[in-house]
Undergrad: 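Okay, here's the structure, questions in a sec.
In what follows, every heavy atom counts, from backbone to side chain, and hydrogens, waters and symmetry copies are set aside. What you see is a predicted model; the values in this text were computed from it and never measured. Residue numbers start from 1 in every chain, and the chains themselves are labelled A, B, ... in the order their sequence lines are given, proteins ahead of strands.
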Amino acid sequence: MTSEPVHANPAPAPIDRRAAVAGIVMLALLGLLAAGLVAVVLLGDAGGSGATAGRTSDPASFAYAEARPAPALELTDHLGSAFTLNSLRGEPVMVFFGYTHCPDVCPATVGIVNQVLTTTGEGPRAVFVSIDPERDDVAAMSQYLRYLPKAYVGLSGTPEEIRRNADAWGVKYAKMETDSANGYAMAHTADIFLVDARGMLRAHFPFGTQAEPIAATLQELMAETATGTPAPSAAPTPATPAPPTPGAATAAPIAGDLDPLVVSSSIWSGGSSPIILTARDASGVPLDGSVPVSVQVVSTDGATAMPQVPATAVRPEGSHETSFVAFVDIPSPGPWRLDVLAADGRSGSALISAMDPGSTAPLGKPAPDVDTPTLDDVGGVVRAVTTQPNPDLRFSQTSTADSLAAGKPYVLIVDSSRFRVSPACGRALVMTRYLLDRWPDVTFVHLEPFEYQIITEEPVLNGTIEDPPLNRYSRAFGLGPAPWTGVKMPWIFVVDGQGIVRAKYTDIVGSADVDVILSLISGKGVIGG
Amino acid sequence: MLARAAASLLSLLLVLSVVACGSAASTTTQPAGGFVSVSGAWVRAAASGGMSAAYLTITNGRLDDETLVGVSTPAAQSASLHQTTTKNGVTGMEPIGGIAIPAGGTVDLEPGGYHIMLEGVKGELTVGQIVQLTLTFEVAGVLNVSAEVRAN
C-alpha cells in the first residue's frame, strides 16, 4: 500500500446537480411507465461503476482524493429518536442506502457490511438509510434491524427529508413500478461510504465490492483513530495488513477433509471421460455411497472450473469398496485439479492428468460400425484372430457388431501378444480374462491390431514392428494417427449395450477400473440409483 | 469408538438425506442426452410477509441449450426471476423471462446478479429451515429443489 491515497474516484457530484438529476429520474420513470417496462433507470454520471469493477482488492482505489466533512444525516433512527451523524463521532462509520423491501441488493450489501464488522471487531458502526419513505418508517427499520448486529442504526424520514439527505450524499434513487404483490421496487445508488472517526468522508465502494478491501480501509481509519494521526491532507498511516476474510464462494483449493483417490487408469480430455475414484474421510473411513458425491474439474491455477457433475456410487459385486464414477468434460490434455464434493459439505481434491484422445473413438459417442472377425469368420484358423500363445478363444466368439445387435455391452481389447510394440503388450488380455469370468452378460472381444499373415502357423507382420500396419478394424477405432501410433498398445474400449463408447484405456489398465465401468453400465452394484 | 462415530455419521447422513441440503447437494433431471443439475440452493432469512430471494447454481450437462423459465415455491406468495444490474452507479433489478444456460455451461444465481425474488414470505424464514423450490426448464421440465435458509 502506498503512503498516500490514490486519486481515483471523484467525490459525489455537487449538490447543485441534484434538481436536474431528479428531473431526469422523473422523465425516465414516466417513459418507462408509459412503455409498461420496469428497468433500471439510466441516470447521469454517478461516479460509480458496475458490480464487477468493485472486485478489485486494492482498497486505495476507492479512497477519495481529499477527505471532506461527510454530509449531515439528519433523520430519525430505528428507535424513533432524532439522529445526526455527529452522534457517532469517535468511531468510523459505514453508511449505505437501501430499503427494507429490497430482495437482493440491500441484503447483499448488509451481508458485506456484516462481514466487514466481523473482520474489524467492535468499534465501527453501520448506518442503513432508507430511500423508501413510503413504506419504511421507524417500525419497519426497527424490524429490519432485529437480526442485524448491534453496530447498526436504521434511518427513516419523510420523503422530503430522505431526498434532501440522499442528494447531499450524491445518492440517487427512483421508484420502479412492478406488477408484483409489493407494488414497486427501488433502484438506487448502493455504494458503501466510509466516514472516519472525525466525521470526514473518506472512501466509497461501489455495489459488488467484496468485504476485504472495505475492511482493510476501515482498519486504516481505525488505526488513525488509535494513533491520532490527522487524516485529511496528511498521509494516512498504513494499517497493519488486514486479515482477509475469504469470501464464501472462492475457487480456492478445497480443504482436505476428504482424501480422494483417483482409480481411473486413463483419463481423457475432449469429452465424457469417466473418472473413477474412492474417497476417505479424515479418520480414514471410506465414503460408502450414502452421501451423494459430485466432482468438478478445475484448472490447476483455479481460474477455470468445469461444471460440477454428480458421481454415481458403484460397489461391484463382491467388492468391499464403493467407487464413484463421474463423466467429466476436460477441455484440454494435461494436469487438472479434481474437486470432490460430498453433499454433507465435506470435500477434497486430487490432481489428475488428462490424455489427448487423438483420433481414437470418442467417448460418449457411438462406437465405430465395424464387425470384428470371429473364429468362425476366419475358418477356424486360431492364429488369424489371435497371436496369444495359449489363447482363450472366448475372446473370439462374437464380433462387436453381433454383440451390439444383441444389445450386449462389449469390451474390446486391442492388443497383440506376438507383435509386442510396447512393454505393456499382452497384459490387457491377461487382465480381462478375470473380467470375462465375472461378466457373463458382457461380450469380450480380442482384436489383433495389425495386418499380418499366417505362414505355417506362424503370424508374420505385413511390415515392420517399428511401424506396424494397423488393420481396418483397429483403424476403425481411430488407432494410428498422432498422438497415438501403431506402436502404442494395448487399447481397451468399453461399449455399452446401446453401442456407445463409455470408457477407453491405453497402456496399463486396472481391472478394478473396467469392473466398475461394467457395473455402472449394467446397473449392477449401483448404489441409490 | 469407531462404531459410535459411524453411528453418529449415519444419523447425520439420515438427516441430510431427509432434508437434502448442503452446498454441494444437487438435484438432477435427465432428459435425453444429459443432465441439468442444480446445486447450492439457498434462501435468505426473512420476516413473515417480507421479501426474500433464492440463489442456486444450474449446470447444464446437456448437448443443447437450456432455459430456466419459471419458478414457484409454497414458501412465498410469488416467486419470479430477476436480474440485478448496476448502470451509471444506480443499482436496480429487472424481471426477466428466463435464464439461459448454454450447453455444458453453468449459471450462478447469486446476490447482486440473477436471483429468484420471493415476495410475501409465508411465515418467518429462519436460518436452517428448508424451502422447496420448483424450477421449470424449457426442455428438461420440472426440477424440485430443497433450499436451505441462510442469513446471507
Undergrad: Where on A:Met306 is there a heavy atom nearer than 4.5 Å to chain B: the side chain, the backbone, both, or neither?
TA: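 Interface part for A:Met306: neither.
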Undergrad: Which one of A:Asp329, A:Ile112, A:Val105, A:Asn114 has the most heavy-atom pairs closer than 4.5 Å to chain B?
TA: A:Val105
Undergrad: Among B:Asn60, B:Asp108, B:Thr84, which residue has the highest count of heavy-atom pairs closer than 4.5 Å to chain A?
TA: B:Thr84
Undergrad: With a 4.5 Å heavy-atom cut-off, do A:Val309 and B:Ser37 have their side chains touching?
TA: no
Undergrad: For residues 120-127 of chain B, run the donor-acceptor check on the side chains, cut-off 3.5 Å, and write out each pair with its distance to 0.1 Å, sequence neighbours left out.
TA:
from: B:Glu124; atom 1: OE2; to: A:Tyr147; atom 2: OH; distance (Å): 2.1
from: B:Thr126; atom 1: OG1; to: B:Gln129; atom 2: OE1; distance (Å): 3.0

Undergrad: List the atom of B:Thr59, the atom of A:Gln308, and the distance in Å for their closest heavy-atom pair.
TA: CG2-O, 3.7 Å
Undergrad: From B:Thr86 OG1 over to A:His188 NE2, what is the distance, rounded to the nearest 0.5 angstrom?
TA: 9.0 Å
Undergrad: Can you measure from OG1 (B:Thr85) to CZ (A:Phe207) and round to the nearest 0.5 angstrom?
TA: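 Nearest 0.5 Å value for the OG1-CZ distance: 10.0 Å.
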Undergrad: As an exercise, state the distance from CD of A:Gln296 to OG1 of B:Thr106, rounded to the nearest 0.5 Å.
TA: 7.0 Å
Undergrad: A:Pro103 and side-chain contact (heavy atoms from CB on, under 4.5 Å): which partner among B:Met93, B:His82, B:Glu119?
TA: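 Exactly one candidate clears the test, B:Met93.
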Undergrad: To the nearest 0.5 angstrom, please state how far the CG atom of A:Asp104 sits from the CD1 atom of B:Ile116.
TA: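 The CD1 atom of B:Ile116 is 11.0 Å from CG of A:Asp104, to the nearest 0.5 Å.
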Undergrad: Distance-only criterion, 3.5 Å: show the donor-acceptor pairs between side-chain atoms of residues 136-143 of chain B and protein atoms not counting sequence neighbours.
TA:
none

Undergrad: Between A:Pro307 and B:Gly104, what is the shortest heavy-atom contact and its length?
TA: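 A:Pro307 and B:Gly104 have their closest heavy atoms at CG-O, 3.0 Å.
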